[in-house]
Every structure is written in C-alpha cells, then in structure tokens.
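Here the structure is a predicted model, which is why all the values come from computation and not from measurement.
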Amino acid sequence: MSRPIRFSVFVVVSLLLVALAAPIAASPAADGTDVVGHHPDRVLVRIATEASAAVLGQDAKHLFGSWYEVPNWPGEAVTDGVQRLERLPQVEVVELDAVNRIEPRRAHPAELLVPAAVTPDDPLYFRQWHLDAIGMPEAWETTSGSGVVVAVVDSGISLGGDDLDCRPLAAEFNAITDTSGPGSAADDRNHGTHVAGTIGQCTNNGVGVAGVAEGVSLMAVKVLDATGSGFNSDIGQGIEWAAS
C-alpha cells in the first residue's frame, strides 16, 4: 500500500510566510477548469540521510539537506509520479510542490488610525496604528535592532526613495533563477519592498512612515514572482540560503 501524499513537512516552510502568503486552493477559472495549486510536472522528495540521490534519476535537483526537486517522467501525471517515488525504499517523504501567493492587502478602518503617545517625526506615523499596538514606542527606548540581519523571504526588495535609502542590503538571492548578488532580488511585485519597509524603514527622518527596527540590516530573498506566487521548493531554498 502506498503512503498518502503529505504536506506537513513543507508546511513548516510556508508558515514562515503566513503573514505574507496563503496556499492557492483549486478553484474554478473563467473557462470552468480548475486552477492547479501545485506544479504539474515535478514533486518534492526527501531521501534517507544515507541514501544516494542517484535513486531519483539524473534530472533531480538538490534543494537543501536531503530534499530534492524531481521531475515527472514524460507523459506521467504528477500523482502517478508521487506513487512511483513513494515505492522507493530510500525515499522518506514525497510532496506536491504547492504554490503560495500573496493575499490582497486589506484597508483598516479609519477609527483604528490613532496617534501614539510617543511618536517619531515621520509625518505618516499617525497612520501606523499597528506600531503603537505592539508597544514599539516603549521598545524603541531599549533597542533599534542594531547588529541584527533580517531576511525578507518574499518578492524581493527594490531600494530607492527617501524612506529606504538608509538601508543598504546585506545580501541578495533569487531562488527562482538561482542567482545572487546586487540586483538579483529586485522586487517586481512591490510586496517584499513593503514588508522590508515595515521592518526597517528609515525612522525619524521626517519622511513617510517609521520602521519597526531602524537599526537592522536587510537581506533580500526573492521567492515570489511578479504575480505574487511562488512554489514551496523556491521558498524552502530561499529560507535555507538565508540561514546558511
């Protein structure tokens, strides 16, 4: 009896983006067909630590640790590929390579936009009700986050403008194209840039809004494309790259 398809292992990866993205469920498209919520031509496989990747075939792509991205055989349905790979004794887990996407931004009611008791000089800070709600004015009296590197695993980060010019990037990586270096993680969706600003926007500069931790360094890790979608395989690879 084959083992059931499991999603639990890579869900851990997805949870790191829980505030940013949500899995795409199958839903009817305009023509009445279903929108597939996973890659149709490959799966994610974890092999035993002592096993050789050769059991997965020459086209298997190493992601990190014992995880690999394995393409289907020509003409093979992805579910058939899952069952075939699950029968290999060296294979521990087989999962569909699920897609995640950014949820639409939601506006907050005006009555929540209240000034805090202690404010920086950023003119739009009074709209940042969430910073006062999590006690940032008190936290700023203790630390600015100096010396901490924060990886933004999202759609990338594009610097520019007066409210991010104080924050050079510590490193950049694009898990979609497997490239790194300056400009490799440019944001073509503007979501990662928005998140980066929330984390480390220039604060007390008399411009725009304030960041949670103005002293941090930002690492740009691009795992979502221009549509705001990204496969679990790229998300997992991006998190691993940032951690290592």
Side-chain angles (χ1 to χ4, degrees), residues 10 13-24 39 41-42 44 59 61-65 67-69 71 97-105 122 124 128 144-244:
F10 260 88
V13 169
S14 300
L15 283 174
L16 296 176
L17 290 183
V18 68
L20 313 179
I24 295 179
H39 199 288
D41 300 319
R42 68 178 185 229
L44 303 175
D59 294 327
K61 173 187 174 182
H62 181 244
L63 295 174
F64 55 87
W67 282 98
Y68 292 82
E69 188 180 279
D97 193 359
V99 179
N100 290 263
R101 68 179 175 192
I102 297 168
E103 292 183 335
R105 292 170 60 183
D122 303 84
L124 297 179
Q128 296 182 274
S144 67
S146 179
V148 175
V149 178
V150 178
V152 180
V153 183
D154 202 294
S155 59
I157 301 176
S158 292
L159 299 180
D162 295 334
D163 237 7
L164 268 180
D165 62 358
C166 66
R167 194 72 59 237
L169 296 177
E172 298 182 57
F173 176 65
N174 188 325
I176 301 171
T177 60
D178 292 325
T179 56
S180 60
S184 61
D187 188 0
D188 49 11
R189 175 72 180 187
N190 201 38
H191 189 272
T193 302
H194 174 77
V195 171
T198 299
I199 295 168
Q201 200 117 341
C202 305
T203 303
N204 270 319
N205 66 335
V207 175
V209 295
V212 168
E214 62 174 319
V216 302
S217 297
L218 296 172
M219 181 185 294
V221 182
K222 183 175 178 63
V223 298
L224 304 179
D225 61 19
T227 70
S229 301
F231 290 104
N232 273 354
S233 52
D234 290 329
I235 296 170
Q237 184 183 8
I239 293 172
E240 175 68 14
W241 186 92
S244 61

Report the C-alpha separation of Leu44 and Tyr68 in whole Å, then their side-chain angles, then the decisive distance to 0.1 Å, and conclude whether the side chain to side chain contact (heavy atoms under 4.5 Å, CB included) test is met. CA-CA 6 Å; Leu44 303 175; Tyr68 292 82; over 6 Å; no
To the nearest 0.5 Å, tell me how far Gln201 CD sits from Thr203 OG1. 7.0 Å
Calculate, to the nearest 0.5 Å, the distance between atoms CG and OG belonging to Asp234 and Ser229 respectively. 11.5 Å
List the atom pairs, with distances to 0.1 Å, where a side-chain N or O of residues 173-181 and a protein N or O form a donor-acceptor pair under 3.5 Å, not counting sequence neighbours.
| unit_1 | atom_1 | unit_2 | atom_2 | d |
| --- | --- | --- | --- | --- |
| Asn174 | OD1 | Ile176 | N | 2.9 |
| Asn174 | OD1 | Thr177 | N | 3.1 |
| Asn174 | OD1 | Thr177 | OG1 | 3.4 |
| Asn174 | ND2 | Thr177 | OG1 | 3.4 |
| Asn174 | ND2 | Ser184 | O | 3.0 |
| Thr177 | OG1 | Thr179 | OG1 | 2.7 |
| Asp178 | OD1 | Gln237 | NE2 | 2.9 |
| Asp178 | OD2 | Lys61 | NZ | 2.9 |

Please list all pairs passing the side-chain hydrogen bond (donor to acceptor under 3.5 Å, both in side chains) test where one or both residues lie in residues 204-215, with sequence neighbours left out. Asp163-Asn205
Tightest non-hydrogen contact, residues Pro182 and Glu172, listed as CA-OE2, 3.3 Å
As an exercise, state the distance from CG of Leu159 to SG of Cys166, rounded to the nearest 0.5 Å. 9.5 Å
Using side-chain hydrogen bond (donor to acceptor under 3.5 Å, both in side chains) as the criterion, list what pairs up with Asp225, not counting sequence neighbours. Thr227
Please confirm whether Arg42 makes a cation-pi placement over Phe231, using NZ or CZ under 6.0 Å from the six-membered ring centre and within 45° of the ring normal. yes
Show your working on side chain to side chain contact (heavy atoms under 4.5 Å, CB included) between Ile199 and Val212 and close with a plain yes or no. CA-CA 5 Å; Ile199 295 168; Val212 168; 5.6 Å; no
Sidechain N-carboxylate O distance under 4.0 Å for Asp188, Lys222: yes
For Gly192 against Val152, the heavy-atom pair lying closest together: O-CG1, 3.9 Å
dist Ser233:OG -> Asp97:CG (nearest 0.5 Å) comes out at 3.5 Å
Interatomic distance, Leu164 atom CG to Ser158 atom OG [nearest 0.5 angstrom]: 9.5 Å
Leu224 side chain reached by Ile102 side chain, heavy atoms, under 4.5 Å: yes
Would you give the length of the straight line joining atom CD1 of Ile235 to atom CG of Asn100, rounded to the nearest 0.5 angstrom? 4.0 Å
On a heavy-atom basis, which atom in Cys202 and which in Asp165 lie closest, and how many Å separate them? SG-OD1, 3.7 Å
Under a 3.5 Å distance rule, please check whether Arg101 uses its side chain to pair with a backbone N or O of Gly230 as donor and acceptor. no
Minimum heavy-atom distance Ile157-Met219, with the two atoms named: CD1-O, 4.3 Å
A side-chain contact here means heavy atoms from C-beta on lying under 4.5 Å apart; do Pro71 and Asp41 qualify? no
Between the main-chain N or O of Arg189 and the side-chain N or O of Ser155, is there a donor-acceptor pair closer than 3.5 Å? no
Between Leu169 and Ala220, which heavy-atom pair has the shortest distance, and what is it? CD1-CB, 4.0 Å
Show your working on side chain to side chain contact (heavy atoms under 4.5 Å, CB included) between His194 and Thr198 and close with a plain yes or no. CA-CA 6 Å; His194 174 77; Thr198 299; 4.1 Å; yes
Between Asp154 and Val223, is a side chain to side chain contact (heavy atoms under 4.5 Å, CB included) present by the stated rule, with each step listed? CA-CA 6 Å; Asp154 202 294; Val223 298; 5.7 Å; no
Determine yes or no for a side-chain-to-main-chain donor-acceptor pair under 3.5 angstrom, with Glu240 supplying the side chain and Leu63 the backbone. no
